[in-house]
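Computed over heavy atoms, backbone and side chain alike; hydrogens, waters and symmetry mates excluded. Here the structure is a predicted model, which is why all the values come from computation and not from measurement. Throughout, a chain's letter reflects where its sequence line sits, starting with A, and its residues are numbered from 1.
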There are 2 protein chains.
Amino acid sequence: MPLTEPVPDVRSLDLLRSVAELGSIRQAAIRHNISQPAASMRLRTLELTLELQLLDRSHGRAQLTSAGVAVVRWSEEVLAPLRELLLGTQALRAAGKTNLRVAASMTVAEYLIPGWLQRLRTAHPGILVSLQMGNSRHCIEIMTRGDADIGFIEGPRAPRGLSSRVVRSDDLVVIVAPSHDWTHRTTPLTAKELAVTPLVLREVGSGTREVFESTMRLRGLDVLPLLELGSTTALKSAVESGAGPGILSRLAVQTEVRDGRLAVVTLADISFDRSIRLVWSKERPLGPPAKQLVRLIEESSTRARQL
Amino acid sequence: MPLTEPVPDVRSLDLLRSVAELGSIRQAAIRHNISQPAASMRLRTLELTLELQLLDRSHGRAQLTSAGVAVVRWSEEVLAPLRELLLGTQALRAAGKTNLRVAASMTVAEYLIPGWLQRLRTAHPGILVSLQMGNSRHCIEIMTRGDADIGFIEGPRAPRGLSSRVVRSDDLVVIVAPSHDWTHRTTPLTAKELAVTPLVLREVGSGTREVFESTMRLRGLDVLPLLELGSTTALKSAVESGAGPGILSRLAVQTEVRDGRLAVVTLADISFDRSIRLVWSKERPLGPPAKQLVRLIEESSTRARQL
DNA sequence: TGCCGATATAAGGTTTCCTTATGCCATTGA
DNA sequence: TCAATGGCATAAGGAAACCTTATATCGGCA
């Protein structure tokens, strides 16, 4: 479903954040390289758009109202991912003049790279990253050609000729709509039940489909496709609207699960490993920028465990 | 720091998401209530802004490139919080004609309410919520006057005349810049050390300051303010730029800690409880909408534990 | 080859947004 | 109480962005 109009402008939200930080519209305007009236007008437009009084101008300096404080806070959740998006696209554009070339599978690039870039930026602003995306096979090719310093792929085993290490766990999960019967199950789902249920799956040839089918085949079980879709988004929409249970990477559904739009079904006697593996050349040792990134990733995964 | 220009328009990101979902610019345009050329132009502008080719138009229908898929994915992290912001402001505006009136302390309103509203919206679209914000004392007044059905406050004990239950834990933490010495400590910080260190604190009278001072006083310890600031944002900026260690609610710093902009210092022999408490009238039982919300909150807290 | 659906381009008008100039108000200190 | 100062709003004019309708172009398909 599209965004409910009217949509506040992100630059206005960012400006409001600066006003909160600096305590003055004037100063915020200067920092954003616009004139003071322009800033004043943007904030006014924002207030009209949201139909809320965000600033109290009756005492000389502009003071945030409680609604203003709340909006600033909520805006931070919008602005942080937007900054990550900008860093991500920047890395995609940056072909030359970078000191760290990263190759990543689609899943890693989509779900993990932006956060890592954000943290790398704050910890080591000097490092400029370029990003190449592809499937795992493609990434391995890039690495063996020496066109990237470091790579991230999914897969149970290390590719030959490259050193590798698991940096993050991931696995395929069964997802259903929150209204589905399976959300009320008291017993975990068995592999056998999964085999006889028509499922919403990614198309043949995708990494997700391959992992799922091969793991099931190892148990001597078949898969029964109900629907085959070519993208993660399409699959989520289908499951969400009640088409039936679907199979996707846990990373790919974490947001929807958190928001209650999808539910994960617990599995009894089967699991689909899809761990994420850091790979690098055996011949060439990791350079300092690459080492910084690796260290940061390891820190963030231990921190995630603590929380 | 302000957003790095040029900033992509969120409506364009939303449109791209719809294109990914529907597989056609035309269909996406219809869903967004704009003409097909307008949609085409927005997407073109987005591609120019990001300097990336997001769509492949060479096969009749528009097909997302791998960069396009990544941008859609990154956009979801932006659009979801934006939807929460819209729900939050909507609840702030909605005075009458709602079937669930919520009173919440600033901390709860800022950090937890939007997520709950989002989940409530998807699970029970019929429920219209209105939100009143204030400090904990103010919320209790609203509740006892009967001007809200349900409230959320911080505090160690139940206010008299109201039933209450802890729904979420929270506590004050010591935060420092990532470059601070304390990030390299091998031993936890003691209460005594905290007492002799000049700290960046919220102003006297704020809930945070009260909890901090009273807990320290109970130990017979004093507090030594280095800087007193009137807002969470200002305090974070000060600590981030190296002013010194600061004291804030864990909820208030989780984003910055995740992004590595701030670090939490482990405490040895002291803790500052600030649990969040659901309160309701003893005379009036919870109505069905209130019960739905409570159930949802409890589900989400157990789910958070599982992850 | 010819039709059809989908997208791009063109033209025109409206709206939005920014900048400079200026006026008003609150706070401050003598 | 009065002037000075810093800060915000308003006004006017011009530039840029955006949308709509109409039309051309292109790829797929029978």
Side-chain angles (χ1 to χ4, degrees), chain A residues 2-65 67-68 71-72 230-231 234, chain B residues 2-3 5-65 67-68 72 230-231 234:
Chain A
L3 233 40
T4 18
E5 303 281 353
V7 182
D9 177 18
V10 279
R11 290 179 312 161
S12 304
L13 296 176
D14 194 35
L15 182 65
L16 185 69
R17 193 192 53 71
S18 291
V19 173
E21 189 181 332
L22 301 170
S24 153
I25 295 179
R26 181 187 216 42
Q27 300 303 322
I30 292 169
R31 187 175 280 200
H32 286 248
N33 293 315
I34 57 175
S35 66
Q36 171 266 318
S40 198
M41 196 151 72
R42 270 199 204 170
L43 294 168
R44 179 160 193 71
T45 307
L46 181 62
E47 286 184 311
L48 288 172
T49 306
L50 298 179
E51 294 178 59
L52 286 175
Q53 194 185 335
L54 305 174
L55 294 169
D56 176 11
R57 291 127 162 128
S58 67
H59 298 282
R61 299 178 151 270
Q63 181 92 17
L64 266 81
T65 64
V71 169
V72 167
S231 80
Chain B
L3 233 42
E5 304 280 353
V7 182
D9 177 18
V10 278
R11 291 180 311 163
S12 303
L13 296 177
D14 194 35
L15 183 64
L16 185 68
R17 195 193 52 72
S18 290
V19 173
E21 188 182 332
L22 302 170
S24 152
I25 295 179
R26 177 192 265 314
Q27 300 302 322
I30 292 170
R31 187 176 277 203
H32 285 250
N33 292 315
I34 58 175
S35 65
Q36 171 266 319
S40 198
M41 194 152 68
R42 271 198 205 173
L43 295 168
R44 180 162 194 68
T45 307
L46 182 63
E47 287 184 312
L48 288 173
T49 306
L50 299 179
E51 295 178 57
L52 287 175
Q53 193 185 335
L54 305 174
L55 295 168
D56 177 10
R57 294 135 164 117
S58 67
H59 298 281
R61 299 177 153 271
Q63 181 92 16
L64 267 81
T65 64
V72 166
S231 79

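For D/dG27, the OP1/OP2 oxygens have no side-chain nitrogen or oxygen of B/Ser58 closer than 4.0 Å. Dashed line: the shortest gap from a side-chain N or O of A/Arg61 to OP1 or OP2 of D/dG7 is under 4.0 Å. Between B/Ser24 and C/dT7 there is a side-chain N or O to OP1 or OP2 distance below 4.0 Å. Between A/Arg57 and C/dC25, a side-chain N or O to OP1/OP2 separation shorter than 4.0 Å is absent.
Counting to the nearest Å, the C1' atom of D/dA17 and the CG atom of B/Leu48 are 13 Å from each other. Regarding A/Leu54, its CG atom lies at a distance of 16 Å from the C1' atom of D/dC8, rounded to whole Å. Straight-line distance from the CD1 atom of B/Ile30 to the P atom of C/dT7: 10 Å, rounded to whole Å. Distance A/Ile25 CD1 to D/dC8 C1': 6 Å, rounded to the nearest Å. Atom-to-atom, CG of B/Leu22 to C1' of C/dG5 comes out at 16 Å; the value is rounded to the nearest Å. Atom CG in B/Leu43 sits roughly 13 Å away from atom P in C/dT9 (whole-Å rounding). In this structure, A/His32 places its NE2 atom 16 Å from P of C/dC17, rounding to the nearest Å. Rounded to whole angstrom, the span from the CG atom of A/Leu46 across to the P atom of C/dT16 amounts to 15 Å.
Out of C/dT20, D/dT10, D/dT20, the shortest distance to the side chain of B/Ile34 is found at D/dT20. Checking C/dT19, D/dC8, C/dA6 against the side-chain heavy atoms of A/Arg26 singles out D/dC8 as nearest. Here the nucleotide nearest the side chain of A/Met41, chosen from C/dC17, C/dA10, D/dG7, is C/dC17. Closest to the side chain of B/Ala62, out of C/dT9, D/dT20, C/dT7, is C/dT7.
Between A/Asn33 and A/Gly60, the residue anchored nearer the 5' end of DNA chain C, judged by the nucleotide with its closest heavy atom, is A/Asn33. Residues A/Arg42 and A/His59 each lie close to DNA chain C; by heavy-atom proximity, the contact nearer the 5' end of the strand is made by A/Arg42.
Ionic pairing of A/Arg17 and A/Asp14 is present here: one or more N-O contacts between side-chain nitrogen and carboxylate oxygen are shorter than 4.0 angstrom.
Among all heavy-atom pairs drawn from B/Ser40 and B/Ile25, the shortest one is N-CG2, 4.1 Å. Residues A/Glu47 and A/Leu55 come closest through the heavy atom pair OE2-N, 3.1 Å. Closest approach of A/Ala29 to A/Leu15, counting heavy atoms only: N-CD1, 4.4 Å.
Taking only distance into account, the side chain of B/Gln36 never meets the base of C/dA6 through a donor-acceptor pair shorter than 3.5 Å.
The closest donor-acceptor contact from the side chain of B/Ser12 to the backbone of B/Leu43 lies at 3.5 Å or more, if one exists at all.
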